[in-house]
Amino acid sequence: MYIEASDPRIEGDMAIFSSPWLRTSDWYDYNCNLTFWYHMKGADIGQLDVRETSSATWNKGDHTIWSRNNSNDFTWSFGTATIWDIYTPGKFHFVGVRGVSFQGDIAIDDISFSECPSVETLCTEDEWGCDHDPQCVHK
């Protein structure tokens, strides 16, 4: 997945790649990681954030758990975002933000979980998941 910074994109435009609602099969008493590869190239690169949307009452809402900006590297880099609470249903968002000019593209690849119990989607194949609430409705 990538965000292309060329016209008609303007500074501050965002590309968002979101997971479905996820949870682990068992309660997990320590943190696990969301891992991925990213590439940020260009003189006017913007920003790449990983955000977690939690449904936990103690941590409800959208939280940035990893961020990079102004990176101008010619190689792929490995990213690790620590997940604080995945037993409670949550979603993950990769947010690419366009910089000041067309010279700055961002890409992500090979997203996975490490040091976590099994991660599963909250809804079945016969259900739709709501965007802002961990509810499942039949198709």
Side-chain angles (χ1 to χ4, degrees):
M1 301 296 297
Y2 70 96
I3 179 171
E4 169 60 52
S6 300
D7 192 41
R9 302 283 65 90
I10 60 171
E11 183 178 1
D13 278 357
M14 291 187 282
I16 302 172
F17 178 68
S18 297
S19 75
W21 284 98
L22 301 170
R23 67 174 172 206
T24 58
S25 54
D26 294 313
W27 186 79
Y28 204 55
D29 63 352
Y30 55 95
N31 304 325
C32 61
N33 296 310
L34 176 65
T35 61
F36 54 96
W37 288 89
Y38 67 98
H39 193 274
M40 300 173 74
K41 181 178 181 285
D44 297 315
I45 202 74
Q47 182 168 319
L48 177 62
D49 293 336
V50 179
R51 298 179 186 164
E52 177 183 16
T53 300
S54 175
S55 64
T57 54
W58 62 271
N59 194 27
K60 197 171 195 84
D62 221 17
H63 309 280
T64 300
I65 58 174
W66 184 94
S67 186
R68 291 291 180 277
N69 61 11
N70 299 324
S71 176
N72 188 15
D73 199 350
F74 291 95
T75 62
W76 284 86
S77 298
F78 188 71
T80 301
T82 300
I83 301 165
W84 301 105
D85 175 21
I86 195 167
Y87 182 66
T88 304
K91 292 178 81 165
F92 301 94
H93 316 277
F94 287 84
V95 181
V97 182
R98 191 215 193 241
V100 297
S101 85
F102 69 92
Q103 296 180 356
D105 298 332
I106 301 172
I108 57 172
D109 196 11
D110 198 20
I111 303 164
S112 61
F113 293 95
S114 68
E115 301 176 31
C116 303
S118 63
V119 177
E120 58 193 32
T121 58
L122 185 63
C123 301
T124 68
E125 291 182 13
D126 297 327
E127 298 174 317
W128 293 100
C130 300
D131 281 341
H132 303 292
D133 191 2
Q135 300 285 330
C136 301
V137 292
H138 291 286
K139 290 183 180 178

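Looking at every heavy atom in both residues, Glu11 comes nearest to Arg98 through N-NH1, 3.4 Å. Of all heavy-atom pairs spanning Asn69 and Met40, the tightest one is CA-CE, 4.2 Å. Scanning all heavy atoms of the two residues, the minimum distance from Thr35 to Ser114 falls at CG2-OG, 3.6 Å. Across all non-hydrogen atoms, the minimal contact from Gly104 to Ala5 is O-CB, 3.0 Å.
Taking the six-membered ring where tryptophan is involved, the planes of Phe92 and Phe113 are perpendicular, since the angle between them exceeds 60° and thus also 30°.
Between Tyr38 atom OH and Asp110 atom CG the span is 14.5 Å, to the nearest 0.5 Å. In this structure, CG on Asp7 lies 11.5 Å from OG on Ser101, to the nearest 0.5 angstrom. In this structure, OH in Tyr2 is found 15.5 Å from CG in Leu48, a value given to the nearest 0.5 Å. A distance of 4.0 Å separates CZ in Phe36 from CH2 in Trp66, rounded to the nearest 0.5 Å. How far CD1 of Ile108 is from NE2 of His39: 14.0 Å, rounded to the nearest 0.5 Å.
Transitive grouping of hydrophobic side chains (ILVMFWY, heavy atoms separated by less than 4.5 Å) keeps Val50 and Met14 in distinct clusters. In this structure, Phe17 is not a member of the same hydrophobic cluster as Trp37, with clusters built from ILVMFWY side-chain heavy atoms closer than 4.5 Å.
Remark: Asp109 engages no residue in a side chain to side chain donor-acceptor pair (under 3.5 Å) (not counting sequence neighbours).
Considering Asp49, Leu34, Ile3, Ile106 in turn, Leu34 is the only one that fulfils the side-chain contact (heavy atoms from CB on, under 4.5 Å) rule with Phe94. With Arg51 as reference, Asp62 is the one residue of Asp62, Ile65, Ile16 to meet the side-chain contact (heavy atoms from CB on, under 4.5 Å) rule. Each of Lys91, His93, His63 was compared with Thr53 under the side chain to side chain donor-acceptor pair (under 3.5 Å) criterion, and only His93 meets it.
Between the side chains of Ser6 and Glu4, at least one donor-acceptor pair of N or O atoms lies under 3.5 Å.
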